[in-house]
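To start, the structure itself, in C-alpha cells.
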Amino acid sequence: MKKILTLILCFAMLASMLAACGGGDDEKKGADAPAETNADGRKVISVGVLEHANCTDYDNNKFTLWLEEQAGVDLEFVIFPGNATDAASKLGTWIAVGEELPDILWNIPLDTSVYNEYGEDEYLLDLKPYFDDKEGKSKVFWDRMEEVKATSEQSYNTTMRRLVNQDTGAMYGFPMVQTTMIDSMDYQVYINQQWLDTLNLDMPTDPESLFTVLEAFRDGDPNGNGEADEIPLLGSSSCLSGDALAWIMNMFLYIDDTHWFNVDDNGKLYLPHTTQEYREALAYINRLMDANLLPDSYFSMGWKDLKALVNTADGETARVGVWAGHPTLICEINNFILEQYTAMPMWGNAIINEIAPQFKTFISADCQDPDKAWEILMLMASKEGGYRMYYGEKGVDWDDADEGTKSYMDLDAEIKVINNITQAIGSEMWKTLSACILIYAEHELSQQPAEADPWLTAKQTMIKDCYDKYQAAQGNNPTTVVPTLVYTTDEAEAIADQRTNCQSYLNQMRSFFCVGSKDVMDDGDWDAYLKELDKMGLQKWIDAAQKVYDRQLAG
C-alpha cells in the first residue's frame, strides 16, 4: 500500500546521525532508494511536492491515477509541509545532511542561483540530454513550445533564455509556461461610463482631457447621492494589471519597470527614468495628487483595498470613476456595479506583461529511473496533462469543446468546463501548477455555456473590449524593446549592489516626486537625483546590461 512520507527535519537529521555512526563517508548516494518496482511490478517513482491546503489526497488523486495509468508507474509522495520558503529551506537541509532526495521535486521554488548550484554539485540531474532529444524523448515538449511561440513569441524567447544555465550550458530545471491574452496587458483601465453620461462628458483622449474628466468626477456628484464621496482615479501596483501610474507614465514615454531599460535607434540602452519625458510624467501625477484626483494612499493601496472601494454594497452607487486592475481580482462576483464600467481607450504605449516561465520542477540525481521520471514530466507538459492539472478530471470536470463553438475571446473553443473546481477543496488534481504548458490559460479556449451567466458575461465583455483596445495601442510602442536580460553568474554578481541600490532608489524617488516631497520640475532636486544615481553605479549597471543585450541580440 502506498504511503505519503512527510518531510520532517528532525527525522532527516536523526537518520543522518545514525548513518554517520554506522558507516563510512563513501557510501554511495541513492543506495537506500526505494525498490524499483512494487508488488504489481510497476516502477515506483517518488515525488516531492509542496503541500497545498486544497488538495485533500495525493495518493488517490484523479490526476495521480491518470499519470500512473499513462506511465505504468506507482507514484509515492514525499510531502513538503509549510510554505514555499519552508520547502526550499528543508530541501537545503536535506541536501546538507546527505539525505536521499525524491526522484522528482515538483513545485519546489528555488532561486535560479540555488538550483544551478545544486545541479553543479550533482544533487539535481542535468536534463540537457533529454531536452536535446527533440524528436524523441522531448518531442512533446518541443511541439508544445512551438504552439507557445505561435501565440506568444515573447514567452517562448524568455523560456528559451532561462532554460539554459548561462555559465555551463546545463539545464537543471523543468519550466512551467503559460500564455494568456488577458494577462498580457500590463494594465487594464476601466472608466465609469454612467458617470460620463450623467455629466455629459466625452471619453478622454489624452492626459489633459483625462484631468478635466477626473475633476468633473470629483466635483459633479456623478453618483447622485448628494455626498462628495467620489474617488476619481484608483489603482494598485500590488494588483495584476492594476498599476495606474504605469498607465499614466506610458502616455508620456515607453517605460517598463520589469525590464528597466529602453534602447535607442543606435542599439544603445538607456534608463528612461532619467529623461525629460519621465519628469513630465511624474509632474502630471503630482498634479493629480495635488488636486485630490489620485489619493496619496495609492502607494500603500493593496488589491483588496481597491476591490473594497470599487464594489459597493448596493451594486448601484459607484464611488470610483476610473480604476486599474484585473476584473477577475477586482470585480466581486454577482455585484453588478461592473455594468457601469467600460474599458478606457489606450492612447499611450501598451506594455506587454511578460509572464515569465517558472522553474520549480527537477529530477534529482538520486532518481533510479530518470527515463521514467522524464516520461512523467512529458505527460504533464502535454496538452491533456496541462488541462487535467488546471481543470480536473476529463469527462467529469471538463471535456473537449463542442464542434464549431467559440470562447468569449472569439477563439475556436478547445474545451468546455463542466464543473469549475479550480479553487475547490478536493482530490481532482494537485491544486497548483508546475511542469505544465498552458496556452491561453485564462479560459480563453473555453466554450461559452448554453445558458450564459449575466454577471460573468458582463465581466467577459469588459475584458474583451479592454483587450481589443490594448491590442490596437500596440502600434504606439517602440519598434524595438529590451527583452528579459539573462546574466551569467559572474555578470550578475558584479553588478548586484549597483542594480539593487539603483532600483530601490528609483522606486523611492518616484513616490517622493509623485507626492511632492521632492519637486521633480525643480532643477536642483532633479540634478541631485541624477547625481545620486551616478554615485550608486548606474553606468556600471547600464554597461553590464548592454553587454548582455548585445550577446542576446547576436545569438
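Keep in mind that what you see is a predicted model, and the values were worked out from it rather than measured. These values consider heavy atoms only, across backbone and side chains, with no hydrogens, waters or symmetry-generated copies.
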> So, K406 and D412, do they make that salt bridge, N to O below 4.0 Å?
Replying inline: yes
>> Could you walk me through whether Q358 and Q178 satisfy the side-chain hydrogen bond (donor to acceptor under 3.5 Å, both in side chains) test, starting with their C-alpha distance in whole Å, then the side-chain angles of each, then the deciding distance to 0.1 Å, before giving a yes or no?
In response: CA-CA 9 Å; Q358 298 180 34; Q178 288 192 63; over 6 Å; no
>> On a heavy-atom basis, which atom in I439 and which in R144 lie closest, and how many Å separate them?
In response: CD1-NH1, 3.8 Å
> Using 4.0 Å as the upper bound for N to carboxylate O, is an ion pair formed by E414 and K383?
Replying inline: yes
> Is it true that K90 and D86 make a salt bridge, defined as a side-chain N closer than 4.0 Å to a carboxylate O?
Replying inline: no
> Using the ring of each side chain (for Trp, its six-membered ring), is F63 parallel, tilted or perpendicular to W66, with breaks at 30° and 60°?
Replying inline: parallel
>> Are there over 12 heavy-atom neighbours, none belonging to D206, within less than 6.0 Å of that residue's CG?
In response: yes
>> Ring-plane angle category for Y529 and F513, please: parallel below 30°, perpendicular beyond 60°, tilted otherwise.
In response: perpendicular
> Which of these, F77, W106, F80, sits in a ring-ring contact (aromatic ring centres under 6.0 Å, His included) with Y58?
Replying inline: F77
> Once the angle between the rings of W323 and Y341 is folded into 0 to 90°, is it parallel (under 30°), tilted (30 to 60°) or perpendicular (over 60°)?
Replying inline: perpendicular
> Going by an N to O cut-off under 4.0 Å, is there a salt bridge joining K459 and E332?
Replying inline: no
> Going by an N to O cut-off under 4.0 Å, is there a salt bridge joining K416 and D402?
Replying inline: yes
> Can you say whether the rings of Y284 and F252 are parallel (under 30°), tilted (30 to 60°) or perpendicular (over 60°)?
Replying inline: tilted
> Any Lys/Arg nitrogen of D257 or R510 sitting under 4.0 Å from an Asp/Glu carboxylate oxygen of the other?
Replying inline: yes
> Is it true that a side-chain atom of N250 and a backbone atom of G348 form a donor plus acceptor pair closer than 3.5 Å?
Replying inline: no
>> Taking D400 first and then K394, would you say they form a salt bridge - that is, a charged N and a carboxylate O separated by under 4.0 Å?
In response: yes
>> Pair I191, F217 - check side-chain contact (heavy atoms from CB on, under 4.5 Å), show working.
In response: CA-CA 11 Å; I191 188 168; F217 284 173; 4.1 Å; yes
> Any idea how Y391 and H443 line up, ring-wise: parallel (<30°), tilted (30 to 60°), or perpendicular (>60°)?
Replying inline: perpendicular
